[in-house]
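Before I ask anything, here is the structure I am working with.
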Amino acid sequence: MQYTYNDLTNRLDIIPEDIKELIFGDEASIVLQDIGKKYQIEDDALGKLVNETGQVLVGILHPKDFINDIADKLGVDREMAKKIANDVNQEIFQKVRLSLRKI
């Protein structure tokens with residue numbers, strides 16, 4: 001999905017505080033780096049995973065599209081994308097699940 005800088009800043013203005021803390025804190029970054037190591041994701045692909053995760057967190061990307069987007073953007077098969085998405089879900093999205101439902 002294409003979005004502009006204004007789209008992103010507008011979303012950041014309205015998302016719940018717990019999601020903002022997750023986005024701007026260190027925890028999500030560390031978790032994603034660990035997931036990258038676990039699945040041997042190259043640095044450029046890891047950047048794409050970070051981007052896709054951020055899009056879900058700000059409400060630009062619907063969580064139901066996350067697996068397909070990771071498979072496409074990271075160039076992995078659907079089974080690997082499911083495993084990666086499951087880890088992201090357990091380690092990041094679960095922590096802010098109620099707020100994600102709001103957006």
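No hydrogens, no waters, no symmetry mates; every other heavy atom, side chains included, goes into these values.
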- Message: Between Asn89 and Arg97, does the side-chain hydrogen bond (donor to acceptor under 3.5 Å, both in side chains) criterion hold? Intermediate values first, please.
- Response: CA-CA 9 Å; Asn89 183 47; Arg97 177 154 316 284; 2.7 Å; yes
- Task: Report the residues that fulfil side-chain hydrogen bond (donor to acceptor under 3.5 Å, both in side chains) with Thr4, sequence neighbours left out, ordered by chain and then residue number.
- Result: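 With sequence neighbours excluded, Thr4 shows a side-chain hydrogen bond (donor to acceptor under 3.5 Å, both in side chains) to Asp7, given in chain and number order.
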- Task: Name all pairs fulfilling the ring-ring contact (aromatic ring centres under 6.0 Å, His included) condition that reach into residues 69-103, sequence neighbours left out, sorted by first residue then second.
- Result: Phe66-Phe93
- Task: State which residues pass side chain to side chain contact (heavy atoms under 4.5 Å, CB included) with Asp34; sequence neighbours excluded, sorted by chain then number.
- Result: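 By the side chain to side chain contact (heavy atoms under 4.5 Å, CB included) rule, Asp34 matches Ile30.
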- Task: Under the side-chain hydrogen bond (donor to acceptor under 3.5 Å, both in side chains) rule, collect the residues that match up with Glu27, sequence neighbours excluded.
- Result: Lys95
- Query: Roughly how far, to the nearest 0.5 Å, is CG of Asp43 from CG of Leu46?
  - Reply: 6.5 Å
- If only atom types and distance count, is the side chain of Ser29 paired as donor or acceptor with the main-chain N or O of Asp26 below 3.5 Å? no
- Message: Take a 6.0 Å sphere around CD of Gln94 and say whether it holds more than 12 heavy atoms from other residues, nucleotides or ligands.
- Response: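 For Gln94, atom CD is crowded (more than 12 foreign heavy atoms under 6.0 Å).
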- Message: Tell me whether Gln90 at atom CD has more than 12 heavy atoms from other residues, nucleotides or ligands lying less than 6.0 Å away.
- Response: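 Correct, the count exceeds 12.
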- Note on the structure: Contacts of Asn10 meeting side-chain hydrogen bond (donor to acceptor under 3.5 Å, both in side chains) (sequence neighbours excluded), chain-then-number -> none
Under 3.5 Å, which donor-acceptor pairs do the side chains of residues 12-23 form with other protein atoms, sequence neighbours left out?
| unit_1 | atom_1 | unit_2 | atom_2 | d |
| --- | --- | --- | --- | --- |
| Asp18 | OD1 | Ser99 | OG | 2.7 |
| Asp18 | OD2 | Ser99 | OG | 2.9 |
| Lys20 | NZ | Leu12 | O | 3.4 |

- Task: Kindly work out whether a path of hydrophobic side-chain contacts (I/L/V/M/F/W/Y, heavy atoms less than 4.5 Å apart) joins Val56 to Ile41.
- Result: yes
- Query: How far does CG of Leu49 sit from CD of Gln33, to the nearest 0.5 angstrom?
  - Reply: 11.0 Å
- Item | salt bridge (Lys or Arg N to Asp or Glu O under 4.0 Å) pairs, two or more places apart, involving residues 47-58 |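 Listed once each, the pairs are Glu52-Lys73.
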- Task: Kindly state each residue pair satisfying ring-ring contact (aromatic ring centres under 6.0 Å, His included) with at least one member in residues 15-35, sequence neighbours excluded.
- Result: none
Quick one: side chains of residues 75-88, donor-acceptor pairs under 3.5 Å with protein atoms, not counting sequence neighbours, listed by atom name and distance.
| unit_1 | atom_1 | unit_2 | atom_2 | d |
| --- | --- | --- | --- | --- |
| Asp77 | OD1 | Glu79 | N | 3.1 |
| Asp77 | OD1 | Met80 | N | 2.7 |
| Arg78 | NH1 | Asn68 | OD1 | 2.5 |
| Asp87 | OD2 | Lys38 | NZ | 2.9 |
| Asp87 | OD2 | Tyr39 | OH | 3.0 |

- Message: Are the side chains of Asp72 and Asp69 in contact, using a 4.5 Å heavy-atom criterion?
- Response: no
